[in-house]
Amino acid sequence: LIDMAFGIDPAHPRERTIAVISSHPWPPLRRQPDDTIAQSDVGHTFQAFHAKRGDIVKEGHGLVELKDKNGKSVMLKAKGPGVVTRRQDNFLPGDSVEYARDLTLMVVGKFAPLPQSPGQKGVTVVPGMKFERWRANVGDVITRKTPIVDVRDSRDKWHDVIATKDGVLTLRQEGLRWGMKVDEVMKDRTLAVIGKFPPLRVGSGEMATNAHHGMNFVQYNYHKGDYVTPADEVVIVQRAVSPQTGRLFSLRPKISGMVLATHHQLVKGMSIDDSLEDLNLLTVGKLPPLEVGFEQKGVEATSPGAVFQKWRAETGSVVNLRDPIAEIVDSSNQLKVLLAPKYGYLEKRQEALRPGFPIADCMKDRTIAVIGAFPPVVPGPFQTGVEAPQGAIFDGWFVQNGQQVSKGDALAQVIVPSRRLAAAGGGTPKILSGQLSNITAPEGGSMNNMQPLKRGMNIEDALVGEKLYIATVDGSLPFMQIFAVLVCVCLWICFCGLLKVMKKHKPFQDHLLYNPSDSSDIDEPLMDNDGPIRDQEHRPKKREGVRLDFADRASDQVHGEYERVESEYIRSYFAHYRPLGIKSLPAKAPIVVEGFFVNSYAKEKLRVRQHSVLVAIDETNVRDMSCEDTEELLKQRLNPLPVYPLRIRFMDPNAKKDTDKFQTRLYSRRPIGIQFTSDAPIRVSGVDAGSPAGTHEEGPVEVGWYIVGIGDEEVSMNTNFKEVMEYVKEGVHLIDYDQEHAPKRHLC
């Protein structure tokens with residue numbers, strides 16, 4: 001067959017070779033002079049790769065797993081930090097490493113230089129620096145004073161690398177990790193690139209508002225969506241170079257219209273030449289026209305000199321024919337109301353229009369809103385929908401609303417297309433031929449919910465919904481069906497009443513206050529629903545501390561019942577510290593536990609339940625007390641108690657032992673005396689010598705430690721600085737303030 005297919009001469013069998021299997025090894029991996037390689041010894045077999053292309057590896061990182069001649073595992077490790085640039089991906093487990101010509105299985109190189117376009121500028125560092133952390137993200141607005149990255153020199157001294165131009169941070173070496181030496185992992189020392197903002201779009205009929213070279217941005221007086229005229233000072237700029245350094249200039253638009261675009265990210269003082277690809281600060285033009293579909297109609301403001309006043313209908317609302325849509329004032333200062341041209345949904349409107357905007361200056365046409373398809377007809381109980389066929393064109397009704405019809409009567413006539421001509425550009429196809437068809441009544445009854453369809457309307461475009469219901473037929477409910485429903489309702493009521501009479505409830509006891517081992521015949525609750533705890537013979541012995549009684553709502557429901565019986569569940573707690581750390585609604589009595597503060601004593605130690613109600617303090621009933629009296633009594637009883645200390649957990653990144661890496665400190669007075677950085681994770685940047693943090697019995701807090709825990713909140717992985725600060729403020733607020741030792745500067 002091969003001879004016949006390829007025309008091979010049988011006398012020359014060598015011509016029958018259809019493939020060649022080469023015994024030559026794979027070509028060596030390309031590498032640069034500074035790259036390191038993972039190279040095997042002869043006789044090993046491949047097992048698995050432990051890094052893929054693009055992975056960041058450190059010195060000693062396992063790259064390739066092999067086996068020697070004796071079956072012992074061998075791991076090829078990285079000889080230095082870098083990125084995996086190439087590897088021999090053809091290997092399968094069990095293959096001999098000698099398939100690779102030079103026995104090189106992987107190449108670890110350096111990060112490629114960041115590309116820079118004209119007008120962009122790199123953020124570089126001097127030789128010998130180690131990467132610490134990023135201070136700015138891609139897309140951030142950058143000024144000449146913005147810190148981009150933190151590095152350390154060979155003497156472990158911290159340095160902030162500051163931007164050298166205004167603009168936006170477009171690129172950075174994302175592969176850098178803490179402690180990496182820049183010279184070892186990068187082909188150059190450019191850590192990031194600062195670029196320019198993209199130019200504002202200026203379309204047909206729109207005008208740019210340009211500044212001159214050598215200007216600095218000051219402020220916008222108008223913003224996107226505002227109406228402006230050539231007399232308005234829309235932007236303020238400042239001369240940045242001599243001989244008029246510091247002089248302010250105002251920019252005015254060349255035409256009247258809407259502000260379509262601005263560089264809203266610009267910061268006062270930024271150089272326009274450094275920050276923008278062109279000099280356009282603001283684009284003025286007109287709103288694009290609203291698209292009006294095949295079965296839609298626009299609401300037009302045709303009066304000359306019309307000025308918009310307000311909307312009378314919301315987007316998405318259903319409007320009837322001649323319903324008010326908007327109000328305008330014409331050139332004669334007469335108020336006019338624009339009415340809906342049809343029944344349907346208000347699908348779109350020019351949302352940017354505001355009171356006082358001239359429509360001719362702000363819009364390319366006069367259509368301010370679009371009325372679309374009819375709302376769907378949803379058949380109700382005892383109603384049947386009248387459905388039209390897909391693709392039908394409405395021709396006319398044979399009946400009217402409220403008319404009685406019988407099953408099978410003709411209700412409407414439609415045209416069902418049989419041939420269509422596709423329109424160019426995906427538009428509505430033209431009907432070449434079709435046949436008339438009648439829509440008949442599915443049931444007998446009276447006509448209702450007839451859609452106001454017009455002759456020639458495409459029903460699919462005119463209606464909304466999965467099914468094309470154009471009307472409903474209301475059927476009458478037979479007498480026997482009504483009687484059957486009433487009988488079922490009466491039987492259900494009798495059955496529920498019988499269950500309620502026969503129901504037997506389980507006895508309810510509070511396991512926190514009642515001990516079955518002390519007495520077996522106590523069936524009286526320890527607290528009345530509206531009074532203090534009674535003196536009883538079998539009441540538990542009084543414990544030390546301030547007694548706090550909270551009431552929960554407990555339920556007892558028998559299987560198969562539809563009613564739920566609730567009763568009070570009293571829980572007693574004995575407080576030995578203050579404050580409780582409970583969140584409650586202000587000026588509301590009795591006090592309800594709505595939540596807990598960070599480091600809450602009530603939550604962590606007492607285990608008070610959320611949504612429980614404080615009903616007694618040291619056996620004093622507070623149910624009927626005002627909120628102020630309850631708080632005063634609670635404060636009076638808790639004041640002699642010691643403060644529940646604030647627990648802060650620190651991490652020492654320089655700890656030599658894992659046991660010394662995490663440190664916990666307890667503080668009972670504030671200010672604690674800690675200064676920290678303004679980003680998360682929070683890092684200690686200063687400690688006051690005479691503060692609780694500097695004189696703690698377990699050792700002072702050291703600069704460079706990270707806060708990883710505040711009370712019961714773990715914040716080591718939280719990068720939201722505002723959220724972490726709220727935790728700190730809540731925890732510190734609960735401990736006592738030491739006015740005598742408070743420093744003049746702000747400390748935590």
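- Contact check for Val732 versus Leu646: side-chain heavy atoms found under the 4.5 Å cut-off.
- More than 12 heavy atoms of other residues, nucleotides or ligands shown are found within 6.0 angstrom of NZ on Lys187.
- Here Met270 contributes atom CE and Phe217 contributes atom CZ; the two are 9.5 Å apart, rounded to the nearest 0.5 Å.
- The shortest heavy-atom contact between Gln610 and Glu594 is NE2-O, 2.7 Å.
- Summarising the geometry of Leu641 relative to Arg637, their closest heavy-atom pair is CG-O, 4.4 Å, with the distance given to 0.1 Å.
- Judged purely by atom type and a 3.5 angstrom limit, Asp618 uses its side chain to pair as donor or acceptor with the backbone of Arg547.
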Verdict with supporting geometry, Val687 and Gln675, side-chain contact (heavy atoms from CB on, under 4.5 Å)
CA-CA 6 Å; Val687 179; Gln675 299 176 356; over 6 Å; no
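- Between Ile617 atom CD1 and Leu638 atom CG the span is 7.5 Å, to the nearest 0.5 Å.
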Show your reasoning for whether side-chain contact (heavy atoms from CB on, under 4.5 Å) applies to Arg609 and Phe550.
CA-CA 9 Å; Arg609 297 191 176 191; Phe550 287 86; over 6 Å; no
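- Proximity of Val185 to Phe131: side-chain heavy atoms (C-beta onward) are nowhere separated by under 4.5 Å.
- Using a 4.0 Å cut-off between charged side-chain N and carboxylate O, Asp712 and Lys603 make a salt bridge.
- Under the 3.5 Å distance criterion, the side-chain polar atoms of Glu730 are matched with a main-chain donor or acceptor of Val598.
- Formation of a donor-acceptor pair under 3.5 Å by the Arg670 side chain with backbone atoms of Ile735 is found in this model.
- You'll find the ring centres of Phe650 and Tyr706 outside the 6.0 Å limit.
- In this structure a side-chain-to-backbone donor-acceptor pair under 3.5 Å is present from Thr170 to Val193.
- Side-chain N or O atoms of Arg144 include none that pairs as donor or acceptor with a backbone N or O of Asp166 at under 3.5 Å.
- Arg649 places no side-chain N or O within 3.5 Å of a backbone atom of Val708 that could act as its donor or acceptor partner.
- Side-chain atoms of Ser600 come within 3.5 Å of backbone N or O of Leu580 as a donor-acceptor pair.
- In this structure, OG1 on Thr620 lies 11.5 Å from CG on Leu634, to the nearest 0.5 angstrom.
- Environment of NZ in Lys110: crowded, with over 12 heavy atoms of neighbouring residues, nucleotides or ligands closer than 6.0 Å.
- Note on Arg135 versus Asp160: salt bridge recorded, some NZ/NE/NH1/NH2 to OD/OE distance being below 4.0 Å.
- Side chain of Asn216 to backbone of Ala240: no donor-acceptor contact under 3.5 angstrom is found.
- Contact check for Gln663 versus Trp705: side-chain heavy atoms found under the 4.5 Å cut-off.
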side-chain contact (heavy atoms from CB on, under 4.5 Å) between Met186 and Gln173, worked out
CA-CA 9 Å; Met186 294 179 57; Gln173 283 287 8; 3.7 Å; yes
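- Side chains of Asn639 and Gln636 form no contact here, defined as non-hydrogen atoms less than 4.5 Å apart.
- A salt bridge between Asp226 and Lys224 is absent, with no side-chain N of the basic residue lying under 4.0 Å from a carboxylate O of the acidic one.
- One distance of note links CZ of Arg571 with OH of Tyr573; it measures 5.5 Å at 0.5 Å rounding.
- To the nearest 0.5 Å, atoms CG (Asp652) and CZ (Phe662) are separated by 10.0 Å.
- Contact between Tyr667 and His696 at its shortest, heavy atoms only, is CE2-CD2, 3.7 Å.
- Side chains of Ile148 and Leu191 form no contact here, defined as non-hydrogen atoms less than 4.5 Å apart.
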Take Ile648 and Ile672 through the test side-chain contact (heavy atoms from CB on, under 4.5 Å) and record every step on the way to the result.
CA-CA 11 Å; Ile648 301 181; Ile672 297 174; 3.9 Å; yes
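- Between Asp274 and Lys165 there is a side-chain heavy-atom pair separated by less than 4.5 Å.
- For the residue pair Asp150 and His159, no side-chain donor N or O sits within less than 3.5 Å of a side-chain acceptor on the partner.
- Side-chain atoms of Glu632 and Thr630 form no donor-acceptor pair, as typed in the model, at a separation below 3.5 Å.
- The existence of a salt bridge linking Arg578 and Asp736 is confirmed by a sub-4.0 Å separation between a basic side-chain nitrogen and an acidic carboxylate oxygen.
- The shortest side-chain heavy-atom distance between Val608 and Leu548 does not fall under the 4.5 Å cut-off.
- The shortest distance between side-chain heavy atoms of Val83 and Val57 does not fall below 4.5 Å.
- Side-chain contact of Trp158 with Asp156: a donor-acceptor pair under 3.5 Å is absent, judged by distance alone.
- Within the 3.5 Å criterion, the main-chain N or O of Asp688 finds a donor-acceptor partner in the side chain of Ser691.
- Residues Phe721 and Thr677 approach most closely at CE1-O, 3.6 Å, considering heavy atoms.
- A donor-acceptor pair under 3.5 Å links the side-chain atoms of Arg177 to the main chain of Glu174, judged by distance alone.
- Taking the six-membered ring for Trp and thresholds of 30 and 60 degrees, Tyr601 and Tyr644 have ring planes inclined between 30 and 60 degrees apart.
- In terms of heavy-atom proximity, Arg647 sits nearest to Asn599 at N-OD1, 3.5 Å.
- Thr124 OG1 to Leu114 CG: the interatomic distance, rounded to the nearest 0.5 Å, is 11.5 Å.
- Residues Glu59 and Lys79 are not paired through a salt bridge, judged by the lack of any N-O separation under 4.0 Å between the basic side chain and the carboxylate.
- Here the closest non-hydrogen pair linking Lys583 and Phe596 is CE-O, 3.6 Å.
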